[in-house]
2 protein chains.
Amino acid sequence: MTRVSIKDIAKAADVSHSTVSRALSDSPLVSAETKTRIQSLARQMGYSPDAQARSLVMGRTLTVGVVVTTITDPFIAEIVQAIESTAHDHGYSVILASSNAEPEREIAAVEMLRSKRVDGVLVTSSRVGAIYHEHLERLGVPVVLINSHSEHAGRYTFSVNVDNHHGAYQAIQHLIQLGHERIAYVTGAADQSDDLERQAGYRQALTEAGLPYDPDLVIPGTGHADSGEQALPIALAMPKRPTAVFCYNDVTAIGLMLAARQAGLHLPHDLAVVGFDDVPTASYVYPPLTTIAQPKRKMGRKAMDMVLVLLQNGAPHLGQVSNVVVRGKLIVRESSGAQLLSAEA
Amino acid sequence: MTRVSIKDIAKAADVSHSTVSRALSDSPLVSAETKTRIQSLARQMGYSPDAQARSLVMGRTLTVGVVVTTITDPFIAEIVQAIESTAHDHGYSVILASSNAEPEREIAAVEMLRSKRVDGVLVTSSRVGAIYHEHLERLGVPVVLINSHSEHAGRYTFSVNVDNHHGAYQAIQHLIQLGHERIAYVTGAADQSDDLERQAGYRQALTEAGLPYDPDLVIPGTGHADSGEQALPIALAMPKRPTAVFCYNDVTAIGLMLAARQAGLHLPHDLAVVGFDDVPTASYVYPPLTTIAQPKRKMGRKAMDMVLVLLQNGAPHLGQVSNVVVRGKLIVRESSGAQLLSAEA
DNA sequence: TTGTAGGCGTTATCAC
DNA sequence: GTGATAACGCCTACAA
């Protein structure tokens with residue numbers, strides 16, 4: 001399977017390789033006749049242009065890197081799907097790298113992408129620490145962080161984030177409208193900015209409704225299902241039991257619901273539950289989970305669009321792009337008891 | 001951000017660029033002293049080797065292409081995760097391409113991968129039709145199909161598949177042991193080989209148990225959730241109602257369970273359900289779904305391993321690898337009623 | 001131990 | 001219109 005190059009075609013067509021190059025790129029500098037002759041010849045010979053050789057001289061690879069913690073996260077998968085799709089529509093390919101949230105792999109991924117000379121990088125759902133950030137900056141290509149908190153600003157770094165504050169605010173407002181007055185919050189991993197923002201939204205909604213903010217109702221979690229399970233007994237053991245609980249994310253909420261069922265609770269009657277994210281599973285659990293849907297596809301598309309804008313005419317066009325915050329949407333299902341309420345009404 | 005090349009280092013170190021090249025690849029043909037001098041210089045200057053330039057001369061890119069229908073499928077995501085992970089461990093990167101099961105995008109993906117000169121390709125969960133297959137073969141690099149049926153054999157094409165027959169067989173055997181005698185099967189999309197194999201396993205298990213095979217119990221589906229929902233009324237309308245139903249996959253089973261709950265059925269008491277795949281959602285639905293778990297990580301790893309073997313010493317080593325079939329594992333949860341049974345016992 | 005020269009497959013800049 | 005020629009960044013004989 002010896003590859004055929006433009007030189008081979010040149011030989012076969014008895015022209016110079018430059019003419020072949022021109023003909024194949026449909027340049028006007030070549031006669032219509034030889035152009036078609038060469039093009040059909042190329043097809044016959046099974047020619048495929050070598051993207052690397054081209055990139056080498058063009059200075060761009062038409063490739064972007066996508067760094068994820070794990071593609072196994074349905075939330076991330078959806079975003080990556082949108083990225084890949086819009087990248088494809090614009091002639092870009094995607095190199096995928098998983099970091100597993102391990103710092104070593106994070107920087108290994110970035111170095112790999114640097115060697116591959118990607119034109120841009122998108123990072124999903126990590127805490128972007130100082131070293132990580134520094135490596136990203138050193139790439140010298142546009143970087144877009146999606147739902148990834150970074151304390152550091154950078155010349156090449158932009159972000160797309162969901163409005164955590166507003167999302168949580170909506171969730172709590174919904175519960176308050178349903179008549180709840182004691183609403184617990186199960187947090188995500190400590191010190192994550194998105195968790196803190198959601199907490200702030202939670203608090204503001206309470207305050208605006210004239211309800212007291214009780215720190216005891218804030219139960220520390222990790223963002224994983226088991227922390228939801230562990231949160232349940234804590235909530236139940238409170239002197240004044242909450243009647244509803246808002247969770248940092250769906251996975252936590254689902255874990256909590258699982259534990260509740262095992263504890264013999266009847267949801268949402270005994271306890272209303274609301275999550276955040278709208279993962280696919282959310283609509284299949286019982287009762288179906290009320291949640292804040294993040295516009296994942298939109299976020300992925302938007303992020304890739306930003307990279308494309310930054311890349312127009314080849315070189316990074318900084319300053320034509322600014323950070324983006326998108327709002328999530330409240331999806332009312334059964335776990336919050338809204339159905340129940342309207343049925344009773 | 002002008003990139004630093006091997007020549008820049010050469011200039012700074014006052015040696016030739018070949019010496020730099022050697023030093024950086026840790027060649028023994030360079031004095032220990034200059035080697036360390038050059039290496040530290042490279043680090044200082046922020047040198048990053050250009051993978052494309054290297055590939056151009058080396059003839060290999062240390063990159064594989066992964067073609068998926070959609071990364072959004074949790075089943076596929078898990079496989080891709082395993083592929084990426086073992087690829088990374090061996091110094092390979094992954095280019096991801098989604099086909100959406102559209103023939104045009106399939107061949108576009110393959111052509112893209114060809115231009116990028118990937119060293120191998122992995123394809124997940126598609127029907128690989130004639131043209132698709134032909135394009136894959138023309139790549140001239142190893143191709144491994146994962147759970148992808150292809151009618152065509154090829155010089156470069158290998159496969160990793162789950163044992164569909166045995167999986168279905170296990171599922172039915174489980175139901176029979178629980179006392180079921182009328183067991184329905186909701187199929188996948190028509191004419192897919194994996195569905196046919198599962199059907200065959202279903203049938204064999206019945207026959208071996210001395211139960212009659214009733215074609216009426218085979219309900220056509222599509223592999224999507226809605227086909228599960230639509231299958232339920234069909235099952236319920238049968239003159240002799242089935243007491244259990246085995247579904248082509250989990251998604252179908254979950255759709256069916258959803259419909260059953262809405263119909264007021266009490267699962268698994270009124271109807272036992274078993275799926276296939278073990279998607280993450282399976283353990284969170286109510287009742288938790290009994291299913292056949294495909295060893296997704298193992299399959300992804302194995303597939304990538306095969307590519308690596310085929311690539312050892314640079315050129316394709318065909319004939320050192322053969323197709324692989326792995327067995328799934330029965331995961332007993334509550335939807336099949338096993339718990340119930342043991343509780344009653 | 002190091003330097004020179006050639007080539008990998010392109011595109012681009014000159015001449016003709 | 002077309003053909004040399006150089007260049008992109010790297011590796012690797014072959015010379016020195």
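Below, read A as the first sequence line, B as the second, and so on, with proteins coming before strands; counting in each chain starts at 1.
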Output the rounded distance in Å from [atom1] ([X]) to [atom2] ([N]).
X: A:Asp8; N: C:dG9; atom1: CG; atom2: P; answer: 8 Å
X: B:Leu24; N: D:dG9; atom1: CG; atom2: C1'; answer: 12 Å
X: B:Lys7; N: C:dG3; atom1: NZ; atom2: P; answer: 15 Å
X: A:Asp26; N: D:dG1; atom1: CG; atom2: P; answer: 14 Å
X: B:Ile38; N: C:dT2; atom1: CD1; atom2: C1'; answer: 10 Å
X: A:Met58; N: C:dG9; atom1: CE; atom2: C1'; answer: 13 Å
X: A:Arg60; N: D:dC8; atom1: CZ; atom2: P; answer: 18 Å
X: B:Asp50; N: D:dC8; atom1: CG; atom2: P; answer: 12 Å

Considering only [options], which nucleotide approaches the side chain of [X] most closely?
X: B:Ser31; options: D:dC10, C:dG9, C:dT2; answer: C:dT2
X: A:Val15; options: D:dG3, C:dT10, D:dG9; answer: D:dG3
X: A:Ser18; options: C:dT1, D:dT2, D:dT5; answer: D:dT5
X: A:Ile6; options: C:dT11, D:dC10, D:dG3; answer: C:dT11
X: A:Leu56; options: C:dA12, C:dG9, D:dT2; answer: C:dG9

At less than 4.0 Å, is any side-chain N or O atom of [X] found next to OP1 or OP2 of [N]? Yes or no.
X: A:Ser21; N: C:dG9; value: no
X: A:Ser16; N: D:dG3; value: yes
X: A:Ser25; N: C:dT11; value: no
X: A:Thr19; N: D:dG3; value: yes
X: A:Ser55; N: C:dT10; value: no

Worksheet item: Quick one: bend of the helix from C:dT1-D:dA16 to C:dC16-D:dG1 from 5 pairs per end, to 10°?
Response: 50°
Fill in: Passing candidate, side-chain contact (heavy atoms from CB on, under 4.5 Å) with B:Ser126, options B:Thr69, B:Val68, B:Leu145
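It is B:Thr69; the other options fail the test.
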Worksheet item: Of A:Ile83, A:Val66, A:Val123, which meets side-chain contact (heavy atoms from CB on, under 4.5 Å) against A:Ile146?
Response: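 So the option named by the test is A:Ile83.
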Item to complete: Please work out if A:Ser48 contacts a base, only the sugar-phosphate, or nothing of the nucleic acid, heavy-atom cut-off 4.0 Å.
Response: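 Since only primed, P, OP1 and OP2 atoms lie under 4.0 Å of A:Ser48, the category is sugar-phosphate.
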Practice prompt. Identify, between B:Pro28 and B:Arg117, the residue whose nearest nucleotide on DNA chain C lies closer to the 5' end.
Written response: B:Pro28
Worksheet item: Given that B:Val57 and A:Arg54 both sit by DNA chain C, which one's nearest nucleotide is further toward the 5' end?
Response: B:Val57
Worksheet item: Is any side-chain N or O of A:Arg22 under 3.5 Å from a base N or O of D:dG3, one able to act as donor and the other as acceptor?
Response: yes
Look up atom [atom1] in [X] and atom [atom2] in [Y], then write down how far apart they are to the nearest 0.5 Å.
X: A:Leu310; Y: A:Asp119; atom1: CG; atom2: CG; answer: 11.5 Å
X: A:Ile76; Y: A:Gln81; atom1: CD1; atom2: CD; answer: 14.0 Å
X: B:Tyr132; Y: B:Ile107; atom1: OH; atom2: CD1; answer: 10.5 Å

Worksheet item: Quick one: do B:Arg301 and B:Glu78 make a salt bridge, cutoff under 4.0 Å?
Response: no
Worksheet item: Is a salt bridge present between B:Glu84 and A:Arg105, judged by a nitrogen-to-oxygen distance below 4.0 Å?
Response: yes
Worksheet, complete the sentence: By nearest-heavy-atom nucleotide on DNA chain D, the more 5' of A:His17 and A:Thr34 is A:Thr34
Practice prompt. Determine yes or no for a side-chain-to-main-chain donor-acceptor pair under 3.5 angstrom, with B:Ser27 supplying the side chain and B:Ala23 the backbone.
Written response: no
